[in-house]
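This structure is a prediction, so every number in the text was calculated from the model and none was measured. Order of the sequence lines fixes the chain letters, A, B, ..., with proteins taken first and strands second; residue numbering starts at 1 for each chain.
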Number of protein chains: 2
Amino acid sequence: MSDMDAALICKALGDANRLKIVRLLSGGEKCACKLLEAFDISQPTLSHHMKTLCECGLVCARREGKWTHYSLCGETLAEFRAFLGGFDYPTQEGGCSCH
Amino acid sequence: MSDMDAALICKALGDANRLKIVRLLSGGEKCACKLLEAFDISQPTLSHHMKTLCECGLVCARREGKWTHYSLCGETLAEFRAFLGGFDYPTQEGGCSCH
DNA sequence: TTTTCATATTGACATTTATCTATTTGTGGG
DNA sequence: CCCACAAATAGATAAATGTCAATATGAAAA
């Protein structure tokens with residue numbers, strides 16, 4: 001996963017509503033109308049958020065008749081976790097021999 | 001870690017420059033002047049990014065004379081990873097009994 | 001085919017954000 | 001005390017973002 005991909009995912013998660021959407025999807029696939037019930041936002045706004053989540057690969061959309069069902073993309077989620085796992089936090093000091 | 005805390009961290013990571021800063025700090029503590037060398041941005045802009053990273057708890061600042069040394073906060077990073085770990089991606093379908 | 005319903009797109013607007021220049025703050029050395 | 005330097009803050013501005021009302025699309029039902 002590239003920095004740009006990761007930044008896109010972070011940006012997508014950096015909104016309280018979208019974070020809540022991801023949490024809801026974490027419980028299993030949901031259609032847009034069910035998701036909408038959980039929020040105080042308009043239908044176009046939810047649709048816009050879903051587009052953001054889909055475009056970064058975190059969420060997949062499945063069309064079934066009139067309804068669109070959304071679910072988390074486990075593969076992307078795993079890759080993102082691996083990306084974050086690449087950050088270490090060495091406790092030793094003096095890493096910067098500044099002056 | 002609350003949703004708001006996590007959203008703050010995500011927002012902080014949702015910028016290519018800040019992601020790069022975190023990667024640099026992942027290699028150990030660095031002072032602001034060393035970080036600045038790695039970018040094509042002005043000193044105030046870097047300072048602004050560091051403030052964002054510090055305010056979400058991902059980075060700690062340590063003052064030493066005229067210099068400020070920054071490092072990743074391992075605790076926050078761990079909490080954030082745990083937060084993301086809370087998202088499951090159940091593969092079973094039919095989670096939404098929509099219609 | 002006409003209607004109805006679920007979702008997506010458009011266009012507009014207010015807010016937030018990333019960035020810069022200019023200035024200020026704080027620290028240490030002459 | 002004054003100067004030099006590292007970093008932070010202030011103020012301004014262009015770009016991105018979240019939101020909504022209005023409209024379009026697309027699919028099933030009547």
Rounded to the nearest angstrom, tell me the gap between atom [atom1] in [X] and atom [atom2] in [N].
| X | N | atom1 | atom2 | answer |
| --- | --- | --- | --- | --- |
| B:Lys20 | C:dA18 | NZ | P | 16 Å |
| A:Leu35 | C:dA6 | CG | P | 14 Å |
| A:His69 | C:dA6 | NE2 | P | 12 Å |
| B:Lys51 | C:dA18 | NZ | P | 13 Å |
| B:Met50 | C:dT19 | CE | C1' | 17 Å |
| A:Trp67 | C:dA8 | CH2 | C1' | 17 Å |
| A:Asp40 | D:dT19 | CG | C1' | 13 Å |
| A:Phe39 | D:dC20 | CZ | P | 12 Å |

* Give a yes/no answer on whether the side chain of B:Tyr70 brings an N or O atom under 4.0 Å of OP1 or OP2 in D:dA8. => yes

* Is the phosphate of D:dA7, meaning OP1 or OP2, less than 4.0 Å from a side-chain N or O of B:Ser47? -> no

Quick one, [X] and [Y] - any side-chain contact, counting heavy atoms below 4.5 Å?
| X | Y | value |
| --- | --- | --- |
| B:Met1 | B:Ile9 | yes |
| A:Ser71 | A:Leu25 | no |
| A:Glu55 | A:Leu8 | no |
| B:Met50 | B:Leu35 | yes |

* Determine yes or no for a side-chain-to-main-chain donor-acceptor pair under 3.5 angstrom, with A:Lys66 supplying the side chain and A:Glu64 the backbone. => no

Listing time: all N or O pairs from protein to nucleotides 22-30 of chain C that are below 3.5 Å?
none

* **Atom of B:Cys10, atom of A:Leu13 and distance for their closest heavy-atom approach** => SG-CB, 3.4 Å

* To do: Return the minimal non-hydrogen interatomic distance between B:Thr76 and B:Gly57, and the atom names on each side.
  =>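 Closest pair (atom of B:Thr76, atom of B:Gly57, distance): OG1-O, 2.7 Å.
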
* Asked: For DNA chain D, whose closest nucleotide is more 5', that of B:Leu46 or that of A:Ile41?
  ->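 It is B:Leu46, whose closest nucleotide lies nearer the 5' terminus.
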
* With respect to the side chain of B:Ser42, which nucleotide from C:dT7, C:dC20, D:dA7 is positioned closest? ->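 Nearest nucleotide to the side chain: C:dC20.
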
* Relative to each other, are the rings of A:Phe83 and A:Phe87 parallel, tilted or perpendicular (30° and 60° limits)? ->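 A:Phe83 vs A:Phe87 ring planes: perpendicular.
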
Which atom pairs, one a donor and one an acceptor, fall under 3.5 Å between side chains of residues 14-22 of chain A and the rest of the protein, sequence neighbours left out?
residue: A:Asp15; atom: OD2; partner: A:Asn17; partner atom: N; Å: 3.0
residue: A:Asp15; atom: OD2; partner: A:Arg18; partner atom: N; Å: 3.0
residue: A:Arg18; atom: NE; partner: A:Ala12; partner atom: O; Å: 2.7
residue: A:Arg18; atom: NH1; partner: A:His49; partner atom: ND1; Å: 3.0
residue: A:Arg18; atom: NH2; partner: A:Lys11; partner atom: O; Å: 3.3
residue: A:Lys20; atom: NZ; partner: A:Ala38; partner atom: O; Å: 2.9

Please tabulate, one pair per line, each protein N/O and nucleotide N/O from nucleotides 16-18 of chain D that are separated by under 3.5 Å, including the distance.
residue: D:dG18; atom: OP1; partner: A:Arg18; partner atom: NH2; Å: 2.7
residue: D:dG18; atom: OP2; partner: A:Arg18; partner atom: NH1; Å: 3.4

